[in-house]
Student: 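Following this message is one structure expressed as structure tokens.
Any value given below was found using the heavy atoms of this structure, including those in side chains, with hydrogens, waters and symmetry copies removed.
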Amino acid sequence: MSYTPGEIEAKWQKIWEEEQAFEPSDSHEQKKKYILSMFPFPSGRLHMGHVRNYAIGDAFARYYRKQDFNVLHPIGWDAFGMPAENAAIKHGKHPREWTYSNIDYMRKELNSLGLSFSKTREFATCDPLYTKHEQKFIIEMFEKGLLYRESTTVNWCESCHTVLANEQVEEGCCWRCDNEVQLKEMPGYYLDIIRYADELLDDLEQLEGKWPSQVIAMQRNWIGKSQGLEFRFELSEESRKKLNGKFDGYEVFTTRPDTLFGITYSALAAEHPITKYMLEHGLLDTRTAEKIKAISNMTEVERAQQGKEGYPLGISVIHPQTGEEIPVWVANFVLASYGGGAVMAVPAHDERDFEFATKYALPIKRVIEGGSELPYTGPGTLRDSGRFSCVDNEEAKTAIINIMEEEGKGRGTTNYKLRNWGISRQRYWGAPIPFVHCPSCGLVPEKRENLPVALPEDVEITGEGNPLENHPTWKYCACPKCGQDAVRETDTLDTFVQSSWYQFRYATNPKRWNEVGIDKADANYWLGVDQYIGGIEHAILHLLYARFFTKVLRDLGHHDIDEPFNRLLTQGMVLMDGAKMSKSKGNTVDPDALVEKYGADTARLFILFAAPPQKELEWNDSAVEGAFRFIKKLYDRKSKVTGSTLPDIDQESLDKASKLARVKVYEALQKSTDVYEKTFAFNTLIAACMEALNALDKQNNGAVWTEGMFIMLNLLEPIIPHTAAELSEMLFNRKNFNAVLEVKEEVFVQESILYVVMIGGKKRTEIEVSPSAAKDEILAAAKEAGSKWLQGMQIVKEIVVPGKLVNLAVKPA
RNA sequence: GCGGACAUGGCGGAAUUGGUAGACGCGCUAGAUUCAGGUUCUAGUGGGAGCAAUCCCGUGGAGGUUCGAGUCCUCUUGUCCGCACCA
């Protein structure tokens with residue numbers, strides 16, 4: 001009977017469904033593994049990236065299940081987000097309807113791949129039950145002072161009609177639609193992720209070796225911790241008067257307190273409060289005012305392209321040590337978002353300050369010895385720095401911070417590049433932010449018993465404005481505190497909020513999904529995720545937010561876990577002709593068509609075989625054929641099996657080919673532990689199985705065939721589960737899936753060992769010697785076999801690597 | 001500029017952690033089956049010389065350590081990715 005993937009796969013998918021084969025046990029006693037592939041956005045159809053992601057995850061899940069772990073391998077849907085609204089605008093369908101019908105379709109597609117998901121824990125993040133608990137967490141964060149509302153300059157995407165978090169701006173453009181991001185002043189809700197910056201940074205150490213080093217590096221970089229001195233520049237008397245006494249100084253931050261005596265000017269951002277005040281009160285001449293406004297309207301990217309620009313503000317500050325008067329400028333390179341939007345400028349020892357000072361002919365004062373040219377940013381000894389002259393600059397850093405602290409003028413401090421996470425979005429299809437604006441009570445959270453604050457169903461989505469804002473009645477409500485007329489918040493939560501805690505939701509027993517968002521005991525048992533699999537594109541956004549939420553929810557008492565994802569595998573992209581598969585490029589392969597033609601097992605085998613999972617995978621139709629051929633061959637060899645259990649084999653009685661076949665089979669078995677625990681190189685495990693099958697084919701011993709198939713089907717079950725199950729049932733009554741397979745060392749014992757003979761570092765010939773041969777015997781045999789290369793040579797050194805080779809170092813006699 | 005990764009046949013990729021480079025698969029060549037193509041099977045397949053035994057060269061490049069280097073060290077070239085005026 002030939003291989004019929006369609007029938008076999010349908011049969012097994014039905015059996016698994018009926019057996020509820022992949023539900024984890026509720027018991028917390030058993031050893032566990034939590035295997036998680038990043039959940040999909042229900043865009044409509046599966047693409048090859050999904051297939052790769054879930055094929056990898058499923059291999060882990062099935063492997064550990066066979067090792068007798070209690071395995072949690074869930075799936076769900078990251079269901080809120082803009083594409084649902086865009087589809088609504090395009091097709092006139094409600095986002096909810098669009099989303100859930102996509103989920104139904106994609107669930108079928110996932111089923112057809114034979115993935116071993118738990119079915120009882122599936123949910124979509126737009127389910128009211130999920131929103132309810134998320135809103136509760138948000139309120140708890142507000143009550144803890146971790147969430148606040150503030151009006152600031154934000155990144156605005158005009159095409160998406162919404163605010164974006166810093167992490168969602170890529171090269172000045174929207175991460176989703178690539179539209180240029182504008183700056184806009186508006187109120188929004190923020191989560192104080194900076195409060196957790198140190199922990200987020202420090203705990204990266206625990207992930208060393210378990211997460212890709214690149215991802216760890218990217219997160220470190222993104223948090224961007226730097227230490228230095230924060231101090232206050234006092235405005236000169238005259239300048240205070242000029243500013244109508246509204247300001248008496250401002251704070252600056254520097255990582256180079258050692259260069260304090262080299263300050264020759266100070267620069268403010270165009271958005272700095274003093275700059276703004278001067279603009280608003282006509283304290284600047286018209287031309288300068290216009291130039292500054294022009295800077296304000298530029299994005300950071302544009303400013304960088306423009307080159308250094310600035311204008312004197314006609315005010316001055318006092319140097320905190322020398323008492324000198326220092327001119328204050330406004331400069332386009334000073335970022336409002338970092339270090340308070342103001343800097344001290346030391347042109348002699350900072351490249352930017354130097355460039356600016358040169359352009360505007362500002363004084364340059366060297367205070368550190370070293371280098372022949374300015375600016376000099378290296379180490380050295382201080383000069384012209386008062387009592388700190390002649391001190392090493394590293395020592396001076398601490399010394400100057402100490403003096404400034406003693407004199408009450410400044411303090412040693414830490415700054416982060418990381419900004420607080422802006423979580424409000426001006427869109428409909430998201431979780432409403434559960435607050436009410438009351439004229440008397442201010443910002444008030446909705447009452448717990450009224451959660452979830454649900455989205456209105458009768459809504460018109462046109463793409464213009466915020467549909468919640470425009471809804472005729474939805475936002476009008478009573479204040480939860482005082483009962484008077486109030487207005488509901490119409491912003492919804494960033495969808496990254498949902499994906500920040502879903503790993504805890506899966507872990508929570510569905511029986512308790514109504515009363516709790518996260519069950520503490522369940523979470524503590526299942527988390528952290530033992531293997532997380534997903535794309536590198538989430539290296540910062542999702543993975544940082546999820547780590548942050550984990551720590552916050554821990555501190556709110558919902559669990560005791562510090563890090564959500566113990567091990568991370570970032571899969572490479574699926575490419576076609578060197579480019580990422582995408583509908584717009586028309587270079588896609590449809591998973592459904594592939595499964596239809598070859599079956600899910602071939603699709604899974606190919607995808608795991610074609611490249612290591614971390615690397616990009618180039619699609620290759622003929623290589624898919626190759627994967628198909630292997631499965632057919634495996635299926636065909638069922639006729640070679642002569643027994644239904646693992647046979648006892650008398651190694652001595654076997655011929656050479658059979659012995660070799662056993663070696664290959666057991667090598668594959670050895671390999672599998674390494675692959676799942678360390679290397680993730682499924683491609684090499686599959687190659688080892690192919691080698692084993694090739695070697696089995698070269699011999700005809702029924703017992704060796706039986707043993708080989710028994711073991712190989714076990715090894716291949718995580719990869720080609722349907723075919724493996726079918727053959728295993730037919731041949732072994734599925735007993736080989738429960739069996740604990742042990743490597744039999746006697747298989748590797750050979751009656752003669754092949755030694756490579758190297759002479760002068762080059763491979764010359766081979767010798768066969770008995771395993772019991774002494775070193776002298778081996779050397780003698782090697783010298784005899786290599787005699788023709790030894791003529792006229794003197795042996796300088798003799799090396800014998802046991803079981804491997806002999807190397808004779810020679811020189812001309 | 002800072003940070004990270006990578007470089008091996010025509011292609012995807014192996015190499016037990018310093019020990020026979022190119023496993024496995026694709027492609028290609030020849031033959032067999034079939035003969036319309038495909039399928040399937042057998043043999044070959046890093047480059048060069050040679051009828052052959054065999055020899056020389058070979059893991060981006062140049063050095064070094066070593067009996068022995070794809071693997072370790074130094075320098076260098078190139079590619080990819082992330083961040084980027086972060087004071």
Student: Using ring pair (Phe, Tyr, Trp, His ring centres under 6.0 Å), reason through A:Tyr265 and A:Phe356 one step at a time and then give a plain yes or no.
Tutor: CA-CA 10 Å; A:Tyr265 64 100; A:Phe356 191 83; 5.5 Å; yes
Student: Want to settle it: does A:Ala304 or A:Ala217 sit nearer the 5' end of RNA chain B, counting the closest nucleotide to each?
Tutor: A:Ala217
Student: By nearest heavy atom, map A:Ser213 and A:Gly307 onto RNA chain B; which one lands nearer the 5' end?
Tutor: A:Ser213
Student: Sort out for me which residue in A:Ile223, A:Leu335, A:Asn221 forms a side-chain contact (heavy atoms from CB on, under 4.5 Å) with A:Lys417.
Tutor: A:Asn221
Student: Compare the minimum distances between each of B:C24, B:A87, B:U20 and the side chain of A:Met690, then state the nucleotide with the smallest one.
Tutor: B:C24
Student: Expressed in angstrom and rounded to an integer, what is the separation of A:Asn620 atom CG from B:G27 atom C1'?
Tutor: 9 Å
Student: Quick one: classify the glycosidic conformation of B:G9 as syn or anti, with syn meaning within 90° of 0.
Tutor: syn
Student: Provide, to the nearest angstrom, the distance between the OH atom belonging to A:Tyr3 and the P atom belonging to B:U40.
Tutor: 15 Å
Student: Give a yes/no verdict on a cation-pi contact between A:Lys632 and A:Phe630, requiring under 6.0 Å between NZ or CZ and the six-membered ring centre and an angle within 45° of the axis.
Tutor: no
Student: Looking at A:Glu355 and A:Arg352, is any side-chain nitrogen of the basic one under 4.0 Å from a carboxylate oxygen of the acidic one?
Tutor: no
Student: Can you run through RNA chain B from 5' to 3' and write each base as (, ), [, ], | or . depending on how it pairs? Watson-Crick or G-U wobble, both distances under 3.5 Å.
Tutor: (((((((..(((......[....)))((((((.......))))))((((....))))..(((((..]....))))))))))))....
Student: Check step by step if ring pair (Phe, Tyr, Trp, His ring centres under 6.0 Å) holds for A:Tyr311 and A:Tyr360.
Tutor: CA-CA 9 Å; A:Tyr311 306 93; A:Tyr360 293 106; 7.1 Å; no
Student: Is B:U29 syn or is it anti, if syn means the base angle is within 90 degrees of 0?
Tutor: anti
Student: Ignoring backbone atoms, establish whether A:Asn694 has a side-chain N or O less than 4.0 Å from OP1 or OP2 of B:A23.
Tutor: no
Student: Kindly say if A:Arg419 contacts the phosphate of B:C86, meaning a side-chain N or O under 4.0 Å from OP1 or OP2.
Tutor: no
Student: Any idea how A:Trp421 and A:Tyr545 line up, ring-wise: parallel (<30°), tilted (30 to 60°), or perpendicular (>60°)?
Tutor: parallel
Student: CG of A:Asn221 versus P of B:C81: gap in Å, rounded?
Tutor: 17 Å
Student: Less than 4.0 angstrom between a side-chain N/O of A:Ser226 and OP1 or OP2 of B:A87, yes or no?
Tutor: yes
Student: In whole Å, I'd like the distance from the NE2 atom of A:His542 to the P atom of B:G82.
Tutor: 19 Å
Student: For nucleotides 48-57 of chain B, just jot down a letter per nucleotide in 5' to 3' order: B, S or -, based on protein non-hydrogen atoms under 4.0 Å.
Tutor: -------SSS
Student: Verify the contact: side-chain N or O of A:Asn683 to OP1 or OP2 of B:A14, cut-off strictly under 4.0 Å; return yes or no.
Tutor: yes
Student: Rounded to whole Å, please give me the gap between CG in A:Leu617 and C1' in B:C11.
Tutor: 13 Å
Student: Between A:Glu208 and A:Arg220, is the closest basic N to carboxylate O distance under 4.0 Å?
Tutor: yes
Student: Rounding to an integer number of Å, can you tell me how far A:Glu625 CD sits from B:G27 P?
Tutor: 8 Å
Student: Figure out the CD/P separation between A:Glu351 and B:C86, and round it to whole Å.
Tutor: 9 Å
Student: Relative to A:Phe333, does A:Lys308 satisfy both conditions: NZ or CZ under 6.0 angstrom from the six-membered ring centre, and within 45 degrees of the ring's axis?
Tutor: yes
Student: Tell me the interatomic distance from A:Glu691, atom CD, to B:A15, atom C1', rounded to whole angstroms.
Tutor: 11 Å
Student: Does any part of the side chain of A:Arg256, heavy atoms only, come nearer than 4.5 Å to the side chain of A:Asp350, both counted from C-beta?
Tutor: no
